[in-house]
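Any value given below was found using the heavy atoms of this structure, including those in side chains, with hydrogens, waters and symmetry copies removed.
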Amino acid sequence: MSHPNPKHAILHGLNEAQRQAVSSDAATVAILAGPGSGKTHTLVSRVVWMIDHVGYRPEDVVVATFTVKAAREMKQRIGKTLGNGRESKIILGTFHSIARRYLAAYGRHVGLNQKFGIADEADSRAIIDRICKKLQLSVGDPRAARAWISKKKARGAETSKSADEKARKAPGLQDLETCYREYQNHLEKSNLLDYDDLLVRCVELLRQLPSCVSNIQTVLIDEYQDTNGVQYDLMKLFAQRRQRITIVGDPDQSIYGWRSAEIRNLWKLLREYRATVEISLEENYRSSQSILDLSLLVIQQDTKRYKKALKPVHNKGSRPVLRRLKNASAEADWIVSEIKRVTMMSGSMLTHDDVAVLLRSAALSRHIESALGKAGIPYRMVGGSKFYDRVEIKTIVNYLRVIYQPENNDALARVMNVPQRGIGDVTINKLMEEAETASLSVWAVLSKHCRGDRTATTKIMKHAEQKISGGLLRPLTDIRKRIGEASGPNGTPFGLVQMIEQLLTALDFQNHLQKVYADDHEQRWANVQEFVSLATDFARDMDRTGDDSLPEIEGLEQTKDDGVLARFLSNVSLASDAQTGDNNQESTPLVTISTIHAAKGLEWPVVFVPAVYNGSIPHMRAEDGDEERRLLYVAMTRAQSLLYLSYPLFSFNGSGERNELSPFVTPVSSSFLNKGPCLDRPVMGEIARILRRKLPPEDSIFKSLPAMFSPEDNLFPVDPEEPPQDAAGKFTRGEGRPTNDAPRAKRPRLHGPSSGPDNGEEHPWKRDYATTMEQSSAFTVNSLPVFVSAAAHQVAITAATTAAVAVQKAEQAKRLSSKRLADQRSIMWFVKSNSSSTRPAGSGRPTPNITGLPAPNRPNTTLPTQIQASVHRGESSLSRPAISPELTGHKLGAGKLMSRPSVPDVNKTPKGKQYACFSSSPPGPSAAEDGEEPPEPTEPAACLHMPTVTFPQGVGGGFRRPAGLGMGRIAPMERLRKPFKPLTMNKP
DNA sequence: GGGTGCAGCCTTTTT
DNA sequence: GGCTGCACCC
């Protein structure tokens with residue numbers, strides 16, 4: 001077997017599995033990467049490997065991501081490793097932006113007007129809105145109609161029958177289809193593509209003109225679990241010439257189902273590319289063991305899930321917190337108090353930059369923003385309301401769109417009366433209708449009318465007409481003229497920024513803002529200026545890197561002159577948010593507030609997940625409960641060392657309705673602390689180790705603590721339902737501050753012990769620093785010496801406990817470890833046997849022909865043999881039945897959901913016994929030594945040769961023992977010596 | 001008839 | 001905080 005030379009620079013510092021993933025010469029590689037396993041790092045390294053080692057030209061490599069942020073980070077990191085600015089030649093971006101580039105360059109080959117614009121969600125909704133109103137369609141909510149249309153487009157080539165059936169049952173189908181037709185019609189007339197069209201039309205292009213991607217050597221897809229049908233088709237088409245694909249993904253982090261993401265795409269890939277090598281990255285370099293344990297307990301509630309291991313590399317750390325607060329504003333105040341406590345007690349080892357508050361929905365940020373504001377803690381909000389969504393910015397963008405595309409009626413309609421020109425909605429709508437019946441654009445109707453060429457049937461008042469003519473038509477025409485002139489040979493190009501500035505002057509925009517937004521016009525004008533500076537950056541970057549151009553392909557002509565305006569506009573439409581990169585120069589540390597969706601792929605030392613109540617997560621309107629659970633899992637696994645969940649007991653609005661704890665948390669609530677951990681020296685020490693930072697000396701921390709500072713999380717009652725006085729009476733011995741002493745009284749945990757662990761594995765939990773406040777009374781500013789000794793004492797206790805537990809666990813692990821081989825499965829197997837149950841109602845029934853497979857290949861509960869031949873080589877698993885239900889929750893000391901394993905051992909002992917955990921990675925050189933022949937490729941790869949290295953044990957690994965308990969304890973130092981640097985937080 | 005201003009509604013997640 | 005519906009004014 002070939003073993004890449006580990007001395008190759010790019011492989012340095014990778015663990016074994018990562019190294020395999022990076023250097024595999026298989027044509028298709030599927031990397032299953034749990035949270036914090038170095039996914040991005042691996043993908044980045046593989047790209048660099050492909051270019052530097054294999055020798056592909058950067059411009060022949062496609063890297064697709066899902067978010068702009070991910071694309072940006074990827075580019076940056078590849079650039080850092082690759083050097084020479086070569087990364088800018090890679091075709092790298094979101095699916096949408098890559099599609100746009102191809103359409104801009106070659107779209108005319110599929111009959112696309114080269115000057116197309118992009119309709120964002122608001123545009124689409126407005127169009128659908130109007131159509132529904134005009135035709136009196138009964139589609140209910142226009143949003144729903146939009147979603148329906150989007151889903152229809154996103155499905156891609158292989159229409160699954162069940163989806164079709166479901167769609168057919170949708171109420172008002174007739175009307176929906178009419179709406180769809182009309183909508184598409186309208187887009188075409190306005191020369192607009194919506195987000196889905198970008199992908200759909202690009203698929204069309206690559207099918208009809210395969211030569212435009214004939215140069216592509218290899219395609220890499222990040223966050224593969226989020227691909228939808230069209231994106232899958234796109235991926236295949238990009239790779240159509242040489243069939244080399246690398247995907248990275250984690251089914252557990254699939255949180256875009258609502259955007260038609262198809263987990264089954266994983267299965268599709270493995271089926272269509274038989275020689276695919278699966279590699280699992282299981283070591284988690286991010287989070288403390290406690291955080292991983294709990295996260296796994298949450299995700300494992302999904303019994304249909306493909307089970308993966310998550311092996312902690314770090315020490316146990318302090319237990320995550322589940323806090324109940326009275327209401328949302330108390331919750332926000334508590335978060336602020338914890339942020340203060342954590343930063344203070346760490347002696348500024350942790351700053352505001354290290355803290356994130358992750359929300360199910362952006363609307364939840366209100367209380368938190370105001371609490372942070374009150375406390376004077378600076379923050380940034382990611383996701384939610386975007387910069388480009390601000391009215392004043394939208395107005396300018398719409399003006400630019402009209403300049404670019406006069407036929408864009410929707411954009412024109414929105415600016416026609418801004419600043420006020422005496423034209424109201426009614427008139428505007430009439431103009432739209434008139435334009436449509438006359439087959440003219442609104443722009444044409446207006447300009448003809450003003451010139452006197454054609455009188456509009458819509459009545460336009462005289463003063464309005466003047467304003468339209470002089471304040472709208474003329475200035476925009478002027479700007480357009482200047483753009484035209486500049487592209488002539490003699491003129492210097494009319495820059496984007498000049499264009500915007502001329503526009504602002506012509507509109508007297510600042511004055512307009514002052515008039516309309518009396519109280520906050522300054523802020524709004526500042527936003528406009530920010531917009532100008534963004535445009536400046538954009539223009540400069542475009543000059544510098546000549547971004548976006550696709551490689552020349554012989555015999556194919558590209559359309560080259562999509563000017564700076566076109567690119568800027570598409571950038572605005574496709575960017576989830578403005579890149580406020582430049583004004584972020586190492587300035588004040590900021591707390592991050594973000595939606596969970598927007599936080600994917602990122603990490604922070606301290607993470608708060610507020611509002612974990614039923615209705616928020618899972619969200620009231622969510623259709624897929626499993627996806628909501630995965631969302632919580634994603635949120636939890638962002639945390640490196642401190643994780644806080646919380647929820648308000650009473651909802652704020654209205655009559656104090658009671659919130660229930662999220663059902664995802666309820667079963668495991670007893671595993672949480674019920675208030676913030678004591679942040680004493682040992683706890684802080686562990687945090688420092690996980691983060692690889694240096695903890696300031698104790699006395700310097702203490703010196704910086706303000707007077708009256710409370711070192712405990714005791715400002716809010718642990719049980720908000722009991723008035724503090726009561727609590728004092730019940731739980732304290734008459735001291736002034738009740739909550740401070742509550743834990744000492746060994747008060748029962750929040751949810752009682754009933755749901756607790758059911759066997760002797762319980763004690764490691766108890767031994768945590770937890771709520772035991774032995775040293776709490778001493779932990780004040782005046783009694784520093786006591787604190788020190790208490791801390792030292794704690795260290796001793798902890799060390800002893802840890803050692804004892806480690807031995808015990810290692811033994812346990814040894815006893816159980818032989819089972820793993822028996823039950824592991826390749827993901828291929830998993831997806832096949834489970835695809836029937838991916839639909840909530842469908843479990844148990846035979847799958848209704850997924851994607852039209854020939855019958856013999858249909859998923860079945862017995863293992864189809866050819867899968868084994870192609871991907872997975874564990875013979876032993878062939879003869880075994882599917883994972884028995886008892887095994888799936890193979891977790892000791894877990895909640896009720898799990899039960900003890902009861903399957904007999906298998907005679908095979910894993911080779912890598914030194915890894916006393918139930919996982920196979922890194923499999924090491926023993927991989928191919930199990931005596932089985934490598935599988936014959938059922939489909940010759942278009943290149944190279946069969947992979948010489950696979951992961952016979954690993955291959956996704958079937959069910960795995962949960963990471964948390966029973967892990968063989970590698971001594972902490974040993975763990976820390978593990979290669980690979982943890983990911984660092986991405987600062988947008 | 002049409003434009004403007006105010007009160008009360010709902011608010012998932014993203015390209 | 002944004003959008004719709006409604007009442008009031010030009």
S.K.: Starting the side chain at C-beta, find the nucleotide from B:dG3, B:dT14, B:dT4 nearest to A:N417.
M.R.: B:dT4
S.K.: To the nearest Å, how far apart are A:L364 CG and B:dC10 P?
M.R.: 17 Å
S.K.: With respect to the side chain of A:R621, which nucleotide from B:dT11, B:dT15, B:dT13 is positioned closest?
M.R.: B:dT11
S.K.: Counting only side-chain nitrogens and oxygens, does A:S361 get under 4.0 Å of the OP1 or OP2 atom of B:dT11?
M.R.: no
S.K.: Write down the distance between CZ (A:F66) and C1' (B:dT13), rounded to a whole number of angstrom.
M.R.: 15 Å
S.K.: Please state whether the phosphate of B:dG2, meaning OP1 or OP2, lies under 4.0 angstrom from any side-chain nitrogen or oxygen of A:K430.
M.R.: yes
S.K.: Report the C-alpha separation of A:D194 and A:S124 in whole Å, then their side-chain angles, then the decisive distance to 0.1 Å, and conclude whether the side chain to side chain donor-acceptor pair (under 3.5 Å) test is met.
M.R.: CA-CA 7 Å; A:D194 69 12; A:S124 300; 4.5 Å; no
S.K.: Using whole Å, what does the distance between atom P of nucleotide B:dG3 and atom CE of A:M416 come to?
M.R.: 11 Å
S.K.: Indicate, with a heavy-atom threshold strictly under 4.0 Å, whether A:Y256 touches base, sugar-phosphate, or nothing.
M.R.: sugar-phosphate
S.K.: Kindly assign one of parallel, tilted or perpendicular to the pair A:F608 and A:Y644, based on the angle between their ring planes and the thresholds 30° and 60°.
M.R.: parallel
S.K.: Send over the distance from A:I423 CD1 to B:dG2 P, rounded to a whole Å.
M.R.: 11 Å
S.K.: Counting the benzene-type ring for Trp, do A:F568 and A:F531 have ring centres under 6.0 Å apart?
M.R.: yes
S.K.: Could you state the NZ-P distance from A:K69 to B:dT15, rounded to the nearest angstrom?
M.R.: 9 Å
S.K.: Could you state the CD1-P distance from A:I428 to B:dG3, rounded to the nearest angstrom?
M.R.: 8 Å
S.K.: Kindly say whether A:H186 contributes a backbone atom to a donor-acceptor pair with the side chain of A:S190 at under 3.5 angstrom?
M.R.: yes
S.K.: What is the distance, to the nearest angstrom, from the NE2 atom on A:H597 to the C1' atom on B:dT15?
M.R.: 13 Å
S.K.: In whole angstroms, how far is the P atom of C:dG2 from the CD atom of A:E121?
M.R.: 16 Å
